Amino acid sequence: MKPRDLSDHVAYEAGRGIEEVARELGREPSELIKLASNENPHGPSPAATVAIREAASSVSSYPKAAHADLTAAVADRWDVSDKQVWLANGGDGAIDYLHRTALEPDDTILVPTPGFAYYGMSSRFHHGDVRKYSLEREADFEQTADIVLEAYDGDRIVWITSPHNPSGSTMALAEIERIAAETDAETLVVVDEAYGEFADGESALSLIEGRNGFESRDDVAVLRTFSKAYGLAGVRLGYAVVPDEWADAYARVNTPFAASELACRAGLAAIDDEEHVERTVETTLESRQYMRETIDAHVWESEGNFVLVDVGDATAVAEAMQERGVIIRDCSSFGLPGCIRITCGTDDETDRAVETLNAVLADLELDDDTDSEVANT
Ligand SMILES: *Cc1c(COP(=O)(O)O)cnc(C)c1O
């Protein structure tokens, strides 16, 4: 027998791991740095490491109390009710829950392109379809209500990624409000704030809760994760914050005990470790600024913990950098064949990434010059 027809389902391509690349190059993992997956360069919060160790001996039980405690802590953090917080196996798990809650077969979701691949994959798993709006490179990936509304055609869910992966651009809350107001009452606007901690503006939670001068709405949800600023990508922990009216659906759609005991304990420790998040954000802002100032190619302004760089031939640059021990993300798979994305690292990592990239760019340019000379003679 065969699985169902998965030909429409694009396989997810994660950034490459250090061990994998080291093995391939025949080098030690410690000689390489990885700035390909927007992970936290400082690692997890030290408090979370301790919590995971301490929780190890209790993993024979289902995570009932820890799940409830973390839900309450997240609700407290945002000043919403516990029922509005949907913990999940990573932000990706929360994407699934929102799709399970909203999509009937053949409903569509509207997503940005270039953009995060998992929205579309998840919609398809749930028998939904995918439509796209384009963020234009020539317009610096600017995000406006007009762009989304022009592409909108009664889609059940509209995905906004702000800050946007892989460009780092954001959408103003007033624009998001306009999208929610001008789409059908049955259209949910989800604002993916996976990189929210690194951005300047406030969370779209204001639109759900009616804060900061906005009216409260029942058609906006927000997605957050512990993978980026909190450094917990490996435990898989994220959540959605939904309007009160949606709250009861969680119990009907969630995979039982969606977040593991270790994830919940780590999350509880990390959410209280403000120092670690502050340090992470500070390093990120410095690294972002430094890369914009020193890379010998166009670097887009970014509100995330990464920058997008226009390098011409991304695959050649990514390969050459990898040979020199720096793993970055070739954005061809995002539909941006000329661009690479570099995660903000520690000071040392950022220095090495910039030095390596500039050297590679200079070498490739030399090659080009030689090629054209040969061609001319
Ligand atoms: C990283 C990321 C997520 C969530 O990742 P998880 O590790 O599953 O929490 C969601 N959206 C975007 C755009 C991301 O880059």
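In this text, all values refer to a predicted model and were calculated from it rather than measured experimentally. As a basis for the values below, the full set of heavy atoms in this structure was taken, side chains included, without hydrogen atoms, waters or symmetry mates. Note that ligands are numbered from 1 as they come in the structure, with each ligand's atoms numbered from 1 the same way.
The single protein non-hydrogen atom nearest to atom 1 (C) of ligand 1 is K228 NZ, 1.3 Å, given as residue, atom name and distance. Atom 10 (C) of ligand 1 has D192 OD2, 3.4 Å as its closest protein atom, hydrogens excluded (heavy atom only).
The ring of W300 has its center no closer than 6.0 angstrom to the ring center of H164. Here F306 and Y195 bring their ring centres to under 6.0 angstrom of each other. Aromatic pair W86/Y250: ring centres closer than 6.0 Å.
In summary, the atoms of ligand 1 found under 4.0 Å from a heavy atom of Y195, numbered by their order in the structure, are 1 (C), 14 (C), 15 (O). For ligand 1, the atoms closer than 4.0 angstrom to any heavy atom of A194 are 2 (C), 3 (C), 10 (C), 11 (N), 12 (C), 14 (C). Residue S227 approaches ligand 1 through these ligand atoms, each under 4.0 Å from one of its heavy atoms: 6 (P), 7 (O), 9 (O). If you number the atoms of ligand 1 from 1 as listed, the ones under 4.0 Å from a heavy atom of D92 come out as 4 (C), 5 (O), 8 (O). Each of the following atoms of ligand 1 lies closer than 4.0 Å to a heavy atom of R236: 6 (P), 7 (O), 8 (O). Per-residue contacts place G90 under 4.0 angstrom from the following atoms of ligand 1 (heavy atoms of the residue considered): 8 (O), 9 (O).
Just one of D192, V189, L207, I208 meets the side-chain contact (heavy atoms from CB on, under 4.5 Å) condition when paired with V222; it is I208. None of T108, D155, T113 except one satisfies the side-chain hydrogen bond (donor to acceptor under 3.5 Å, both in side chains) rule with R131; the exception is D155.
Judged purely by distance below 3.5 Å, without hydrogens or angles, the side chains of N254 and R100 never pair a donor atom with an acceptor atom. Between the side chains of T71 and Y239, no donor-acceptor pair of N or O atoms lies under 3.5 Å. Side chains of S169 and Q143: a donor on one and an acceptor on the other come within 3.5 Å.
Not a single N or O atom of L237, backbone or side chain, sits closer than 3.5 Å to an N or O atom of ligand 1. For ligand 1, none of its N or O atoms has an N or O atom of T161 under 3.5 Å away. Considering backbone and side-chain atoms alike, N89 places every N or O at 3.5 Å or more from each N or O of ligand 1. In terms of N/O distances under 3.5 Å, ligand 1 is not approached by Y119.
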